[in-house]
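Report on the structure given below.
Everything numeric here is computed off the predicted structure, so don't read it as measured data.
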Amino acid sequence: NNVCGSLFEDVRMKINDDELTQNGEFYPYKCYLKRLITYSQPVKSTQFVAQGYYEDSVTDNDDIEPQNSNNGWKQRCSWFREGIESLNAPYRAGGAHFISTFDHDLTYIGKAMPPGTKISFNLTRSSDDFFLMKDPSDTEKYRAIVLNCVLFVKVAKMSDAIFREL
């Protein structure tokens, strides 16, 4: 129930080719738990919906079929299928689109990096078996295909006087 946070199993960040952090295989869990316990319900039901987050209720976790009571699963299903009345509903031709931030400690520091600093992220995809929720009796092999992933970075021009102070 956390599409963008579950898509990658590991996110590593390097600054000037020095690896600063790694989340190991716990990145999806960290993202999910942070959203679950840190943010208010209005944030979860508005901002996080664009990131592919739609919360299940505690009693719904094992009830994943669309004709049953799991409204979180139904909502997530509707992002990928043209309808949720049946598991045979066609998939959306254009796929699903989400916008999200990396849930990485260093993406929240709020301070500018010195000019010429090289920053890189290494993203390791989660397996489709982890990423895609399905009934255990469903033997169909589903795949999630990422066609496009874009990283937007704020860039500011620093004045010469401030640059000399660094």
Side-chain angles (χ1 to χ4, degrees), residues 1-15 18-66 68-84 87 89 91-111 113 119-136 138 140-155:
N1 59 2
N2 187 22
V3 174
C4 289
S6 299
L7 188 59
F8 301 105
E9 72 177 13
D10 186 20
V11 175
R12 296 171 188 247
M13 181 180 183
K14 291 182 180 180
I15 296 180
D18 292 320
E19 189 169 306
L20 298 178
T21 60
Q22 65 183 34
N23 290 305
E25 58 193 47
F26 299 111
Y27 179 75
Y29 300 103
K30 178 181 176 183
C31 291
Y32 175 71
L33 290 172
K34 185 172 184 177
R35 281 167 178 70
L36 187 65
I37 62 176
T38 303
Y39 296 96
S40 67
Q41 194 57 41
V43 171
K44 292 177 191 177
S45 63
T46 55
Q47 179 182 346
F48 288 162
V49 169
Q51 299 178 19
Y53 180 87
Y54 205 91
E55 194 170 333
D56 294 321
S57 65
V58 174
T59 59
D60 291 337
N61 286 337
D62 292 329
D63 191 13
I64 66 171
E65 293 297 326
N68 291 325
S69 64
N70 188 340
N71 290 324
W73 192 90
K74 289 180 186 179
Q75 182 63 37
R76 291 187 305 276
C77 184
S78 72
W79 293 329
F80 298 96
R81 292 192 181 266
E82 292 182 10
I84 58 172
L87 287 176
Y91 289 100
R92 296 185 185 279
H97 300 90
F98 302 100
I99 185 167
S100 182
T101 58
F102 285 127
D103 201 354
H104 193 284
D105 296 337
L106 291 177
T107 60
Y108 298 109
I109 59 174
K111 296 199 179 223
M113 299 300 288
I119 299 173
S120 63
F121 286 94
N122 183 24
L123 310 173
T124 305
R125 268 287 312 271
S126 294
S127 72
D128 288 333
D129 289 334
F130 175 83
F131 176 71
L132 299 170
M133 184 177 178
K134 68 178 185 176
D135 189 293
D138 186 348
E140 183 74 28
K141 182 69 177 163
Y142 298 98
R143 294 181 309 140
I145 300 171
V146 178
L147 296 178
N148 193 10
C149 185
V150 179
L151 176 64
F152 294 97
V153 179
K154 289 183 193 176
V155 177

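- Less than 6.0 angstrom separates the ring centroid of Phe130 from the ring centroid of Tyr29.
- In terms of modelled atom types and a separation under 3.5 Å, the side chain of Lys44 and the main chain of Leu36 share a donor-acceptor contact.
- Side chains of Val43 and Phe48 form a contact here, defined as non-hydrogen atoms less than 4.5 Å apart.
- At a threshold of 4.5 Å between non-hydrogen side-chain atoms, the residues Asn2 and Tyr53 count as touching.
- Asp128 CG to Leu7 CG: the interatomic distance, rounded to the nearest 0.5 Å, is 9.0 Å.
- Side-chain atoms of Trp79 and His97, non-hydrogen and from C-beta on, never get closer than 4.5 Å to each other.
- Rounding to the nearest 0.5 angstrom, the gap separating the CG atom in Leu123 from the CE atom in Met13 is 11.5 Å.
- The aromatic rings of Phe80 and Phe98 are tilted relative to each other, their planes meeting at an angle between 30° and 60°.
- Taking each heavy atom of Tyr91 and Tyr142 in turn, the nearest pair found is OH-CE2, 3.4 Å.
- Rounding to the nearest 0.5 Å places CZ of Phe121 at 11.0 Å from SG of Cys149.
- Remark: side-chain polar atoms of Arg76 are paired, donor with acceptor, to backbone N or O of Tyr54 under 3.5 angstrom.
- Without hydrogens or angle criteria, Ser126 side chain to Phe131 main chain gives no donor-acceptor distance under 3.5 Å.
- We find the CZ-OG distance between Arg143 and Ser127 to be 14.0 Å, quoted to the nearest 0.5 Å.
- Annotation: Leu132, atom CG; neighbour count of heavy atoms from other residues, nucleotides and ligands within 6.0 Å is above 12.
- Taking the side chain as every heavy atom from C-beta outward, Arg35 and Glu55 never approach each other to under 4.5 Å.
- Of the possible donor and acceptor atoms, one in the side chain of Arg92 sits under 3.5 Å from a partner among the backbone N and O of Ser78.
- Residues Ile119 and Lys14 form no side-chain contact, since every pair of their non-hydrogen atoms from C-beta on lies 4.5 Å or further apart.
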